[in-house]
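Order of the sequence lines fixes the chain letters, A, B, ..., with proteins taken first and strands second; residue numbering starts at 1 for each chain.
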There are 2 protein chains.
Amino acid sequence: MRAEPASLRERKKQRTHAALVDAAVRLFRARGYDATTVEEIAAAVEVSPRTFFRYFDGKEEVALAPFVEFDRLLVDALADRPAAERPLPALRAAYETSLTHLAGDRGVLDRFLTAHFLTGQTPALLAGRLRRQADTERLLAAEIARRCGTGDDDVRPHLLVQLVFAAARVGFETGCRRGVLDQPEKLAASVVHALDLATAGLTRHWGEPWA
Amino acid sequence: MRAEPASLRERKKQRTHAALVDAAVRLFRARGYDATTVEEIAAAVEVSPRTFFRYFDGKEEVALAPFVEFDRLLVDALADRPAAERPLPALRAAYETSLTHLAGDRGVLDRFLTAHFLTGQTPALLAGRLRRQADTERLLAAEIARRCGTGDDDVRPHLLVQLVFAAARVGFETGCRRGVLDQPEKLAASVVHALDLATAGLTRHWGEPWA
DNA sequence: AGCTAGTTTGTCATCGACTGACAAAAGACA
DNA sequence: TGTCTTTTGTCAGTCGATGACAAACTAGCT
């Protein structure tokens, strides 16, 4: 997926980064987000608090790191779809690919679900997550606009992405409420169902090259 | 719309609240959100910083106060729709009523557009706004579920609200980008257009009592 | 190995958001 | 007027976040 830097410095940085995420997520889950200080996270990795802020823009970012991971999967997955594919199928395929990847790696899934759990507990984290999602949505909309050759004034790329994300959110949410930890495959099914409902009729009503 | 308290204390509190919002919004627009301190806002109203935090949970809340105002309009408008009306028309009508109300009052509109401008400039504010919207969406979904008599496990109320809000966001955004300050009525038109695109075919595909 | 240049980290100082505790001021009411 | 309740101000303190500078470290070269 990515080139190996192999430089001693690089590897050390990556290890510190991962260690900070792990320690933070673990502490957040144990004591709660607000009750955990940056100082404690840094201490757990034996690093100065100042260094923590050199790896992350803030306490929030480290808690949302798992979502950054997933969004990167999603953007990459869309970029990998064949150029001829229409937007809606491409988006759905990208989403399903990412979900499969997520459910396949226990480590990634655990981090993601913990982060999701935290956003459900801490309003400030939910806020940050939604804003991050908005950024990703803009990225995806731009990619779709590029594929379709539409101008910046066409609302349909943004609208389509918003619909898909809205549906995915709802599907994901209900999927989680019915216990995903046991059967990760049900998560994807729940999302797909919501997508079906949300995009029903788009093909018929938005015209041929669309949806 | 609301009972008159008339108590001297109550009136004083309301005046302080409004003065804080006005001062805050004015300062935020002039110097930027991050560059404005709570101390400055409090000083502008001749109140101690401690008192500021008794009126608002934080600096963020005072900046988002105009959205709270609008969301309240929206929730009230939906509650006022006839019980027999189906969800989608009811939601759309509620949204249009609120937009009309918004565009009709210059003071409310100014505060709202300034707040919207600020969220476009400050990531932290955008985050808070999105979270707030999520709360409102849950409120509206619950109200729709109540109207339709569906259980908590039906995704359609949530999904419908998400679709409408997603469309409204996109419509609002593009409407703003094409200059709303001149013609507030174009704002509503832009939103309606996005709503049409997003919900095209829902009636046909979701079945009779729905959409 | 030893030297040098560039990078990463720690220390220190500081700011601003936010909170608890308690005292002072002001409205409410007999 | 005197008392009771609510609101406000003062004070002290915690925590998140950032700039500045020095110390430790790595890379690459001799």
Side-chain angles (χ1 to χ4, degrees), chain A residues 3-21 23-25 27-28 30-65 118 122-129 131, chain B residues 3-21 23-25 27-28 30-65 118 122-129 131:
Chain A
E4 312 296 307
S7 151
L8 206 167
R9 261 181 191 158
E10 280 304 314
R11 272 179 290 141
K12 204 168 181 179
K13 267 171 67 174
Q14 288 180 357
R15 258 189 294 127
T16 305
H17 187 279
L20 282 171
V21 172
V25 167
L27 287 171
F28 288 158
R31 311 184 198 175
Y33 176 77
D34 291 318
T36 305
T37 68
V38 170
E39 198 178 351
E40 292 169 329
I41 301 170
V45 190
E46 294 184 296
V47 153
S48 81
R50 189 65 183 90
T51 296
F52 173 91
F53 287 106
R54 290 204 176 91
Y55 279 86
F56 300 95
D57 282 344
K59 192 166 97 164
E60 190 181 288
E61 196 182 298
V62 71
L64 299 178
L118 288 172
T122 312
L125 279 184
L126 178 57
R129 179 188 184 183
R131 193 192 59 73
Chain B
E4 312 295 309
S7 150
L8 207 166
R9 260 180 191 159
E10 280 305 314
R11 271 179 291 144
K12 203 167 180 179
K13 268 172 65 176
Q14 289 179 357
R15 257 188 295 129
T16 305
H17 187 280
L20 282 172
V21 172
V25 167
L27 286 171
F28 288 157
R31 313 184 196 174
Y33 176 76
D34 290 319
T36 305
T37 68
V38 170
E39 198 177 350
E40 292 169 331
I41 301 170
V45 190
E46 293 185 298
V47 154
S48 82
R50 190 65 183 88
T51 295
F52 173 91
F53 287 106
R54 290 203 176 92
Y55 279 87
F56 301 95
D57 281 344
K59 193 167 99 166
E60 190 181 288
E61 196 182 298
V62 71
L64 299 178
L118 288 172
T122 312
L125 279 185
L126 179 57
R129 179 188 183 183
R131 194 192 59 73

**Q** How many angstroms lie between CZ in A:Arg9 and NZ in A:Lys12, if you round to the nearest 0.5 Å?
**A** 10.0 Å
**Q** Rounded to whole Å, please give me the gap between CZ in A:Arg11 and P in C:dT8.
**A** 15 Å
**Q** Identify every side-chain donor-acceptor pair in residues 52-60 of chain A under 3.5 Å, counting partners at least two apart or on other chains, and give the distances.
**A**
{"unit_1": "A:Lys59", "atom_1": "NZ", "unit_2": "A:Tyr33", "atom_2": "O", "d": "3.0"}
{"unit_1": "A:Lys59", "atom_1": "NZ", "unit_2": "A:Thr36", "atom_2": "O", "d": "2.8"}

**Q** Measure across B:Ala23 and B:Ala44 and return the closest heavy-atom pair with its distance rounded to 0.1 Å.
**A**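 B:Ala23 and B:Ala44 have their closest heavy atoms at CB-CB, 4.1 Å.
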**Q** Can you run down the salt bridge (Lys or Arg N to Asp or Glu O under 4.0 Å) pairs that involve residues 31-46 of chain A, sequence neighbours left out, and say none if there aren't any?
**A** A:Arg31-A:Glu40
**Q** Rounded to the Å, how far apart are B:Asp34 CG and D:dG19 C1'?
**A** 16 Å
**Q** Report the distance from atom CZ of A:Arg15 to atom P of D:dT26, rounded to the nearest whole Å.
**A**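 The distance from CZ of A:Arg15 to P of D:dT26 comes to 10 Å, rounded to the nearest Å.
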**Q** Calculate, to the nearest 0.5 Å, the distance between atoms CZ and CZ belonging to B:Arg11 and B:Arg15 respectively.
**A**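 So the CZ of B:Arg11 and the CZ of B:Arg15 are separated by 7.5 Å.
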**Q** Taking the nucleotide of DNA chain D with the nearest heavy atom to each, does B:Lys13 or A:Tyr33 sit closer to the 5' end?
**A** B:Lys13
**Q** Using a cut-off of strictly less than 4.0 Å between a heavy atom of the residue and any atom of DNA chain D, enumerate the qualifying residues of residues 36-45 of chain A by number.
**A**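 A:Thr36, A:Thr37, A:Val38 - these, ordered by number, are the residues of the stretch whose heavy atoms sit under 4.0 Å from the strand.
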**Q** For nucleotides 1-6 of chain C, read 5' to 3', which letter fits each nucleotide if B means a protein heavy atom sits under 4.0 Å from the base, S means only the sugar-phosphate is that close, and - means neither?
**A** -----B
**Q** For B:Lys12 and for A:Glu46, locate the closest nucleotide of DNA chain C by heavy-atom distance; then report the residue assigned to the nucleotide nearer the 5' terminus.
**A** A:Glu46
**Q** Let me confirm one number: the CG-NE2 distance from B:Leu20 to B:His17, rounded to the nearest 0.5 Å.
**A**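 The NE2 atom of B:His17 is 7.5 Å from CG of B:Leu20, to the nearest 0.5 Å.
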**Q** Among residues 50-65 of chain A, which residues get a heavy atom nearer than 4.0 Å to DNA chain C?
**A**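 DNA chain C contact set from residues 50-65 of chain A: A:Arg50, A:Thr51, A:Arg54, A:Tyr55.
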**Q** Within this structure, what is the CG-CG distance for the pair A:Leu126 and A:Leu118, rounded to the nearest 0.5 Å?
**A**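 Taking CG in A:Leu126 and CG in A:Leu118, the distance rounds to 11.5 Å.
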**Q** Check for a donor-acceptor pair, side chain of B:Thr122 on one end and backbone N or O of B:Leu125 on the other, with a separation under 3.5 Å.
**A** no
**Q** Run the side-chain contact (heavy atoms from CB on, under 4.5 Å) test against B:Val25 and tell me which residues pass, sequence neighbours left out.
**A** B:Val21, B:Thr114
**Q** May I ask you to test the A:Ile41-A:Phe28 pair for a side-chain heavy-atom distance under 4.5 Å?
**A** yes
**Q** For A:Gln14 and C:dT7, what is the distance between atoms CD and C1' respectively, to the nearest whole Å?
**A**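 It works out to 16 Å between those atoms.
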**Q** Mind listing the closest non-hydrogen atom pair of B:Ala127 and A:Gly128 along with its distance?
**A** CB-N, 4.1 Å
